[in-house]
Enquirer: 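Take a look at the following structure, please.
Every chain is numbered from 1 and lettered A, B, ... according to where its sequence line falls, protein lines coming before strand lines.
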Amino acid sequence: MEGAYITGFGEHLEKESKLSFFELFAKASLQALDSSGLSLEEVDGFVMATATNTIEDPPIRNLLIDQVSSYIGLNKLEYLELVDIGGSSFNAMIFRAYRAIRDGLATSILVVGGGKGTIRKKSSRADLVTRYSFKPHEFTEYSPTSDYAMIALRYSHEFGVGDEKRALIAVRERGNAKLNPNALYREPIDVKDVLNSPMVSYPLRLLECTRPIDGASAFILTNKEKSKKGKYYPVKVLGYGEFHDPRPIIERESILLNPVEVSSRKAFNLSGIKSEEIDVFMLYDAFTIMVMLEIEGIGLAEKGKAWKFVEENDFSPNSPFPINTNGGTLNTGQPAYMSGGVILTEALRQLNGVASGRQVEGANKALINGIGGILNHSTTIILGV
Amino acid sequence: MELNEVLERLKTPADSLQLIKCLKCNSKFYIPRSHCPKCLSNDLVLVNANEGIIYSYTIIERGLENREIVIMAEFDGVKVKGNFRGNLNDLMIGKRVKPKIDEGGKLIFTV
């Protein structure tokens with residue numbers, strides 16, 4: 001798949017930022033632009049994603065994309081798109097921008113997503129992800145956490161896997177976070193620490209859940225001609241797949257239906273690349289149970305056996321299967337309830353050889369998997385240099 | 001049935017839950033629609049569901065003002081979410097629960 005390259009990226013993350021939603025988007029965007037060596041005038045496409053409840057009041061929901069793109073300073077756009085599939089939006093945005101450039105609709109596209117995750121504390125509804133338009137009855141929940149907790153419990157029930165197996169995911173990721181000076185949490189932990197951390201929504205403990213933060217991640221894609229202007233290697237899109245099951249979890253035959261199986265299979269098939277050839281895996285990790293399901297969905301382990309893979313592989317940059325080398329968003333925090341931008345940025349660092357103390361030697365192929373909603377969406381992208 | 005009519009009837013306080021049944025393909029569903037999501041028929045009726053089985057559950061300890069228990073229960077294969085009132089020791093996948101729609105239209109499960 002030739003025709004477009006990721007040539008710039010930028011990220012601005014803060015535990016709780018004084019900056020507005022719009023400033024966060026602009027900061028990340030200008031960083032990405034700067035690293036690509038392109039000027040703002042050269043950008044003729046814009047693709048964005050957010051969660052509208054991560055914008056300060058009053059929420060601007062109509063033509064939001066105009067508000068954001070014009071704030072940044074864009075005015076001659078030949079491609080414009082809003083992607084709204086939660087945490088899986090980032091891989092989808094990269095693919096859509098890639099395809100637009102490949103097909104000649106635009107030459108240089110700015111992709112950006114994020115928002116203020118800390119706003120929820122003050123104003124958002126507890127059921128922000130799963131609220132149905134036609135809700136038959138009222139009840140109190142705290143989704144997405146309470147839904148993923150029920151998925152984790154059902155998983156344990158069906159496969160006879162104890163909480164300590166899931167906890168090891170958090171331990172592995174923390175091991176990598178130690179190597180990332182920008183991670184929020186870097187102190188080593190063991191399985192006991194995870195199990196003893198405060199219960200959030202049984203069976204998920206605090207150390208199994210990401211922390212909502214403020215921030216944005218931005219990317220520049222451009223054509224071959226302009227791909228050499230920046231400071232990074234032009235990164236190629238080698239394969240992509242997506243799968244969507246928009247039904248609320250209660251309408252699915254099983255709440256363990258795994259959308260990653262289809263999206264990853266498509267990405268592998270389209271690229272002709274096998275999982276053994278991947279140098280770095282960045283797996284969406286808002287909750288530990290998601291990583292278990294991704295390890296199985298991608299085919300690194302059989303259904304119900306992710307725990308065995310996690311026992312045998314420590315995720316570290318020097319291991320045969322480096323996973324979430326920045327410590328994952330369990331340790332960096334998650335802006336706008338979407339981990340997708342943070343894990344994609346880490347993959348680009350790895351492919352460019354700029355992951356300093358946690359660099360995977362000779363990394364030239366990375367797989368990034370994004371999940372959106374309550375296992376509603378999965379996007380898998382394979383990138384390479 | 002029109003959607004608003006279905007919603008009105010579902011919220012009526014009762015000691016049972018009402019599901020929507022398609023008379024054409026016999027499938028049942030919980031989230032109201034004016035057509036069957038399987039066969040698109042409009043030939044729908046409401047049927048009572050009196051006893052469900054716990055499919056999964058969670059005890060929310062952080063994020064809300066008070067502890068809250070959410071149950072996902074199955075009624076003849078149809079999954080429904082609501083809150084649980086009762087003893088924590090009764091929370092177990094496979095256990096039978098009874099639904100109740102309270103005065104506020106809230107769905108409560110008890111054993």
Enquirer: Decide yes or no for B:Thr12 and B:Ile101: does some side-chain heavy atom of the first lie under 4.5 Å from some side-chain heavy atom of the second?
Expert: no
Enquirer: Please look at A:Ser254 and chain B and tell me whether the side chain, the backbone, both or neither of the residue comes under 4.5 angstrom of a heavy atom of that chain.
Expert: both
Enquirer: Checking heavy atoms, do the side chain of A:Arg247, its backbone, both or neither come under 4.5 Å from chain B?
Expert: neither
Enquirer: Using a 3.5 Å distance criterion without hydrogens, assess whether the side chain of B:Asn42 forms a donor-acceptor pair with backbone atoms of B:His35.
Expert: no
Enquirer: Sort out for me which of B:Val78, B:Leu10, B:Ile69, B:Ile59 touches chain A most, counting heavy-atom pairs under 4.5 Å.
Expert: B:Ile59
Enquirer: Ring centroids only, cut at 6.0 angstrom: are A:His137 and B:Tyr30 within range, meaning strictly under it?
Expert: yes
Enquirer: Please examine the side chains of A:Asp193 and A:Arg174, heavy atoms only from C-beta on, and report whether any two atoms are closer than 4.5 Å.
Expert: no
Enquirer: Examine whether an atom of A:Leu204 lies under 4.5 Å from a heavy atom of chain B, and if so say whether it belongs to the side chain, the backbone or both; otherwise answer neither.
Expert: neither
Enquirer: Considering only heavy atoms and a distance below 4.5 Å, find which of B:Leu107, B:Val80, B:Asp102, B:Leu17 pairs most often with chain A.
Expert: B:Leu107
Enquirer: Does one side chain, of A:Thr118 or A:Lys15, offer a donor that lies under 3.5 Å from an acceptor on the other?
Expert: no
Enquirer: Among B:Val6, B:Ile108, B:Val70, B:Ile93, which residue forms the greatest number of heavy-atom pairs with chain A at distances under 4.5 Å?
Expert: B:Ile93
